[in-house]
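I have placed the structure first, in the form of structure tokens, so that the comments after it can refer back to it.
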Number of protein chains: 2
Amino acid sequence: MSSPIKPSQKLSPYPDNITITEVAAEAQVSISAVSRAFNPTGSCAPKTRAKVFAAAEKLGYKPNRLARGLKSNSSLIGILMTDFENPAYLSILSDLTSAIQAHNCHSLLINVGPQKSVTEAVELIMEYHVDGLIVTSSSLPDELISACQRRNTPVVIFGHHSRNAPATIVSCDNVAGGRMAADILLDAGYTRPAFVGATTSVSTTTDRQRGFITRLIERGCTEWTTTEGNRHSYDSGYEATCKLFASTDKPDSIFYLDDIMACGGMDAIRYEFGLKVPEDVGVIGVDDIRLAASRAYDLTTIRQPFTDMVNTAVTALFEQIKDTSIEPKNFTLPCTLVTRGSTRAIPTQAE
Amino acid sequence: MSSPIKPSQKLSPYPDNITITEVAAEAQVSISAVSRAFNPTGSCAPKTRAKVFAAAEKLGYKPNRLARGLKSNSSLIGILMTDFENPAYLSILSDLTSAIQAHNCHSLLINVGPQKSVTEAVELIMEYHVDGLIVTSSSLPDELISACQRRNTPVVIFGHHSRNAPATIVSCDNVAGGRMAADILLDAGYTRPAFVGATTSVSTTTDRQRGFITRLIERGCTEWTTTEGNRHSYDSGYEATCKLFASTDKPDSIFYLDDIMACGGMDAIRYEFGLKVPEDVGVIGVDDIRLAASRAYDLTTIRQPFTDMVNTAVTALFEQIKDTSIEPKNFTLPCTLVTRGSTRAIPTQAE
DNA sequence: CTGAAAGCGCTTACAG
DNA sequence: CTGAAAGCGCTTACAG
């Protein structure tokens, strides 16, 4: 309110609305030069760049990413997320955001809740002209993926197989995971295995189930059953397990679609039916969430290499952002068996 | 590749780069009219608006939020998050994002990892000219908050008390929560309570500890101890508990800073020391995460009203965005005791 | 209520 | 390597 600030004495303690124009004036160059100085691809004499940086530093200049995004990249990566119940997604989100930030971009997180369709979500996210899109815990209609590609916005589907989709897919080998689960259960001497899936997640459920059942049959096991929970949640696993044990042919071991369902299931087995894990019922999950290693659950599980999967996804995404001619690829990472106390020890075999 | 598309036959199957200009041409009005039609505050004749909407619909027009944000609001809300270990934050994030989306805005999620300071994170987020900022699981230096306010970017601190900070604070009454915990433990007949906090989270730790200890003293309890875990995690609770029971004066009940630490602690009590919960050791946490209600943990806890807290935070934030003259307020919501099986039943008192 | 015009802050051919 | 100029897609006083 005192005297108007003269252009010469810009020493405000906090960066306010310093734009490229002020920096150009301070450095005594054109605004084009400032822009190029800040842009790695822009040709700029070292001296000029130094002058510009000094001026920017002095004034506390921060580029306006919105303005930049108007002609250039927005530096925004959209993350579509459906499942906020499986704790695995918290660490996935942590890894995703930090990997994206390492590329000097930021994450626009869209909650694709039950009231919002994935199509709407994509439309919304495209209003921000994101540079790329990562879809977790659900898939995307092929036509939507194509529409994104047509706009040169690469799409990565995380965690789902989605064969033939025109996008980069990063998932782990769920069929092999299912087979591993079958082997460990059979090896441990269980004879009546069950599979508990979920309705919401098509490809992961079907792949794991397929690998599991196929392998059971290969090994001559005939007494298997399957059932489905509604969602990827503790409650869902609990309820599905109650249904399973209410029927006449009760299983002696259960392969759950994921760890959080397995935890719910294990609690049902122990507290609802008074059975012992692993003696009466063997339990195995998928993911290897933090809780799986807890003493309370001590869950045998098929570990998904989430950190690797995230790095693969983000690396592939940025490669496609850099060079839009790169064809989408499929990455199927191996999963590994983590043996803990929820399955019986495998008897030593005399070869 | 056939013939160039004439402006008259715009019937492409998917919206591509249709801008306000195309819509204006189609609707035969000026671009100003289109802009006003889409802006609630813009005066526009109903007929004009109808024409514009019809044209927009026909062409599949979607506004470019980046361009809009250059002169107007960005519709972007920044969310700063530090803690990706406590599962409570997954549902908080779910609630936050959907509340923000209900306001037709979207969430820019910044992972304030250990390698990135909160100051850097704020600077980054401000490059996107977010309309508002929500800080979870950590606080913000007052000078940074002031810098944001000076740019008319309101800040809401979620979950921390942070007295005197020039921002809106939404938290629950942690002191009262600590007192409740003391009361339930003493009422149940425990005599040597301990408090397990965490170093990372100043105000919540100190408030809960203060309420807890103050109340213990008020009621004449003298044999209490305190210790600290490093982080808000299962492992941290486990380790802190091991330390506690390695010392000479072992507690007979423990109040943990949060549920996930309590779960780790309970597992240590049971599996590391072979003690019974609640007979030998009573356990109480804070949050009421999903896992607290599991059969395995069945954890007595001080419930934080997260959904209410999120709604309060988002509502307050948008009020301040709408009217920047509104002063920041403090909202302290009540927490409630949820009694489960990890504490002994309270003996019926003959008044 | 409406349109022409200026402007938001930056990028990017285009000459030099 | 550099600057002047046009433009990204939208908003917003300003006249009418």
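Keep in mind that what you see is a predicted model, and the values were worked out from it rather than measured. In what follows, chains carry the letters A, B, and so on, assigned in the order in which the sequence lines appear, proteins first and then strands, with residues in each chain numbered from 1.
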Exercise. Any ring pair (Phe, Tyr, Trp, His ring centres under 6.0 Å) pairs touching residues 22-56 of chain B, not counting sequence neighbours?
Worked result: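 Qualifying pairs, neighbours excluded: B:F38-B:F53, B:F38-B:Y61.
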
For this session: For B:T19, answer base if it contacts any base atom (sugar-phosphate contacts may also be present), sugar-phosphate if it contacts only those atoms, and nothing otherwise; contact means non-hydrogen atoms under 4.0 Å.
Result: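 Touches sugar-phosphate only.
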
Exercise. What is the nucleic acid contact for B:I31, judged by heavy atoms within less than 4.0 Å: base, sugar-phosphate only, or nothing?
Worked result: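 Base, at least one base heavy atom under 4.0 Å.
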
Can you check whether [Y]'s main-chain N or O pairs, donor with acceptor, with [X]'s side chain at less than 3.5 Å?
X      : Y      : result
B:T153 : B:M126 : no
A:R36  : A:C44  : no
B:E22  : B:T19  : yes
A:N86  : A:Y89  : no

Exercise. Looking at side-chain heavy atoms only, is the closest gap between B:I321 and B:I77 below 4.5 Å?
Worked result: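 Side-chain contact under 4.5 Å: yes.
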
Exercise. In dot-bracket form, how is DNA chain C paired, counting a Watson-Crick or G-U wobble pair only if both its distances are under 3.5 Å and using | for bases paired to another strand?
Worked result: |||.||||||||.|||

Problem set entry | Pairs satisfying side chain to side chain donor-acceptor pair (under 3.5 Å), at least one member in residues 96-107 of chain A, at least two apart |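 The answer is A:R65-A:N104, A:T97-B:N111, A:H106-B:Y128.
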
Problem set entry | Most 5' of B:K47 and B:L70 on DNA chain C, judged by nearest nucleotide |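 It is B:K47 whose nearest nucleotide is closer to the 5' end.
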
Problem set entry | Separation of B:L66 CG from B:S74 OG (nearest 0.5 Å) |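 With rounding to 0.5 Å, OG (B:S74) is 9.0 Å from CG (B:L66).
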
Exercise. Where does the chain A footprint on DNA chain C start and end, counting 5' to 3' with a 4.0 Å heavy-atom cut-off?
Worked result: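 The contact span of chain A on DNA chain C goes from C:dG9 to C:dA13.
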
Problem set entry | Contacting residues from residues 33-40 of chain A, given that a heavy atom lies under 4.0 angstrom of DNA chain D |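 By residue number: A:A33, A:R36.
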
Exercise. Between B:T21 and A:K71, which is nearer to the 5' end of DNA chain D once each is assigned its nearest nucleotide?
Worked result: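 The residue whose closest nucleotide sits nearer the 5' end is A:K71.
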
Exercise. In chain order, what residues pass the side-chain contact (heavy atoms from CB on, under 4.5 Å) check against A:T82, with sequence neighbours excluded?
Worked result: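 So A:T82 forms a side-chain contact (heavy atoms from CB on, under 4.5 Å) with A:V112, A:S137, A:S138.
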
For this session: Establish, from distance only, whether the side-chain atoms of B:N73 and B:S75 form a donor-acceptor pair under 3.5 Å.
Result: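 No.
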
